[in-house]
Number of protein chains: 2
Amino acid sequence: MSARTLGQVRVVGTGLLGTSIGLGLSALDVDVVLHDVSPSTLALAVDYGAGRRARPDDEPALLVVAVPPDRTAEVVAAELAASPSSLVTDVASVKAGVLDALRAGGAPLERYVGSHPMAGRERSGPIAARADLFLGRPWVIAPHVASATEQVAALEALARDLGAVPTTLAADRHDAAVAVVSHAPQLVSSLLAARLVDAPEHATDLAGQGLRDTTRIAASDPALWLQILSANAARVAPVLAALRDDLDAVLGALQDPAAPGAQRALADALAAGNSGVARIPGKHGVDLRTTTLTVLIDDRPGQLARLLTEIGEMAVNLEDMRLEHSPGAPIGIVEVSVLPEAAAGLETDLVRRGWRVA
Amino acid sequence: MSARTLGQVRVVGTGLLGTSIGLGLSALDVDVVLHDVSPSTLALAVDYGAGRRARPDDEPALLVVAVPPDRTAEVVAAELAASPSSLVTDVASVKAGVLDALRAGGAPLERYVGSHPMAGRERSGPIAARADLFLGRPWVIAPHVASATEQVAALEALARDLGAVPTTLAADRHDAAVAVVSHAPQLVSSLLAARLVDAPEHATDLAGQGLRDTTRIAASDPALWLQILSANAARVAPVLAALRDDLDAVLGALQDPAAPGAQRALADALAAGNSGVARIPGKHGVDLRTTTLTVLIDDRPGQLARLLTEIGEMAVNLEDMRLEHSPGAPIGIVEVSVLPEAAAGLETDLVRRGWRVA
């Protein structure tokens, strides 16, 4: 199944996510119908190429509600009522509340399946939209007891067509997961950035990449996040309470670094951070699911291609790789990540072929 | 003044910073003499092109001590004694403690001026070094009452030659500044990443860019950071104590989001985060030296090698590249960074050869 075969798709709410979905589907020649309560936001999304305005004879097969979290349940209910045979989904960041509200309101749940693309930016609105916003990102589909297999398959096709990686997760498990991987990090980033408000200018002038990275999402839209955090407060609170306990231990150690146990408390906090970041799959940090070899190559065109060609000849699939290349250095450093069971053989083969493995 | 006119430079400690300084100066044809207590670390830095081994007749004009923070004062004192007419600097992240220890030990302070390049990585050692590590970064020079103008000028020349932006700041003001822009962010990132240790795998699989950015530096070397935090504990503690007070307010609001004032507390925290991040000068994460193209490849062995072979055939040299590969995704995302003047032609050529450039 593919979005191309879904038929007409109606996107309600042409902010960052709605417009990005419209852009991605329009690029696949899907007939995308756009709607937004704000005429100027709608006009911008249409101008931007995300789809066309609604017509009275439209008959969307799929409706995607991409409005602010605190309006999502209401708009989903209205769209279910307006299109009595269509599948409706939403893209709100918190899922259990929407489902509960629809159930409480007597909505026809058998035509609603919630979803949540794990993509966003610290900027909002149609202007910030991009067709590739979802590329490689997880897209959670949250079926409930009344959901049919073909409905989940239709949403998986939507996610895949937009380049995302669909995954199914019940609403409450989704909400607990995003509390720890998204909502707590947002608040912590905001709290950290707030420490800069009264910092002297000679201090902020010393900002490096670490500060920029840790505080980037603190620039996010407060109105949106107030809604998200309120909707998921019960699941975010325990994450932050545990963080506060750890912070108290670190703070005690800093206030008396010579006290017995103080160095241990700091070392434990830093080591736990190492362990935590290692659990994030993908490009940053150390991925425990793969083993990384460091290969030194001469900084000449073609060397990297030769290395990868030879790795290909060994029939080893790369899970991840990074090239580091310093303009002043005569060699480049290539980090190749492979499945653990392939690492030892790969290292032996590379060394035998004359590569320098560090 | 320029490093080229400084004469011989001796770098003691060939870890990330020392080796990067050596690479940068060697590229400018400065005679760089390297020393490290670890023969294997020294050999790697020499192999890497960061400089040469010391000889008995060396007469360095400038000595740069780039050893771990807790050994800095001791090594600076030894280098001052060994080269009785040379200027000695160090690159440790905390400055007041080094100066105090040297003063207490009766070192000839009139030949020592501390400094601190605001550059680093979450990885360490000569392998992680890069000649452009300091490019565009602040480099603090911390003169004291016995420092001469020409000594400050010599260190400013060193910083500028390595592409950094020199700035002068007394040791205590420097230490208070880095507590808020570097040391507190490190601990907060570690505390946040620690929340992932016990998270279920379906949660960490949902990690997005926000989590990756906020926790990137949590992968840093715990041994190094334990030293830095201990040396600057008195200045980091008040920053984290203020953050803890803000966290308590947010936590109270999350635990009872319907209580009077709860929404206001959350909104204030998010708005303060906006204000704080707005105080960071410059662009976020944009590398002005290169242009990055995003190429989508099928997730099959050999595809990446084929792409790089074809880029090599176009005689374009890669400045940097990254592969992103989401578990389960049918495509990989390759980000190739090239010099800006090569980007447009490369994109045209890749599209003509059938590659999907996003």
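In what follows, every chain begins at residue 1, and chains take the letters A, B, ... in the order their sequences are listed.
With a 4.5 Å cut-off on side-chain heavy atoms, B:P222 and A:N274 count as touching. Side-chain contact between A:Q209 and B:R137 is present, with at least one heavy-atom pair separated by less than 4.5 Å. B:L254 has its side chain within reach of A:L240: a pair of non-hydrogen atoms, C-beta onward, lies under 4.5 Å apart.
Atom CG of A:D256 is surrounded by more than 12 heavy atoms from other residues, nucleotides or ligands within 6.0 Å. For B:D248, the CG atom sits in a packed shell: over 12 heavy atoms of surrounding residues, nucleotides or ligands are nearer than 6.0 Å. Enclosure of atom CZ in B:R244 by more than 12 non-hydrogen atoms of other residues, nucleotides or ligands within 6.0 angstrom is indicated.
Rounded to the nearest 0.5 angstrom, A:R195 CZ and B:L243 CG are separated by 6.0 Å. One finds the CG atom of B:L192 at 10.0 Å from the CG atom of A:L192 (value rounded to the nearest 0.5 Å).
In this structure, chain A has a heavy atom under 4.5 Å from the side chain of B:V140, while its backbone stays farther away. At a 4.5 Å heavy-atom cutoff, the contact between B:L187 and chain A is made by side-chain atoms alone. Contacts of A:L169 with chain B are made by side-chain atoms alone, with heavy-atom separations under 4.5 Å and no backbone atom involved. With a threshold of 4.5 angstrom between heavy atoms, B:D198 approaches chain A through N, CA, C or O but not through any side-chain atom. Looking at B:P257, only its side chain comes within 4.5 Å of chain A, counting heavy atoms on both sides. Residue B:T167 touches chain A through its side chain alone, counting heavy-atom pairs closer than 4.5 Å. Only the side chain of B:V250 comes within contact range of chain A, with at least one heavy atom under 4.5 Å from a heavy atom of that chain.
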**Request:** List the steps, then state whether side-chain contact (heavy atoms from CB on, under 4.5 Å) holds for A:L307 with B:L308.
**Result:** CA-CA 10 Å; A:L307 172 65; B:L308 295 174; over 6 Å; no
**Request:** Decide side-chain contact (heavy atoms from CB on, under 4.5 Å) for B:L211 and A:S182; before the verdict, give the C-alpha distance in whole Å, the side-chain angles of both, and the deciding distance to 0.1 Å.
**Result:** CA-CA 6 Å; B:L211 183 69; A:S182 171; over 6 Å; no
**Message:** Set out, in order, the CA-CA distance, both residues' side-chain angles and the distance that settles side-chain contact (heavy atoms from CB on, under 4.5 Å) for B:V188 and A:T214, then state yes or no.
**Reply:** CA-CA 9 Å; B:V188 168; A:T214 48; over 6 Å; no
**Message:** Between A:T204 and B:I280, is the side-chain contact (heavy atoms from CB on, under 4.5 Å) condition met? List the steps.
**Reply:** CA-CA 6 Å; A:T204 51; B:I280 302 176; 5.6 Å; no
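Residues satisfying the salt bridge (Lys or Arg N to Asp or Glu O under 4.0 Å) criterion with B:E310, sequence neighbours excluded, are B:R306, B:R353.
Heavy-atom pairs under 4.5 Å with chain B peak, among A:S189, A:A271, A:S337, A:A269, at A:A269.
No salt bridge links B:R279 with A:D205; every basic N to acidic carboxylate O contact stays at or beyond 4.0 Å. One finds no salt bridge joining A:R212 and B:D213 here, because no Lys/Arg side-chain nitrogen approaches an Asp/Glu carboxylate oxygen to under 4.0 Å.
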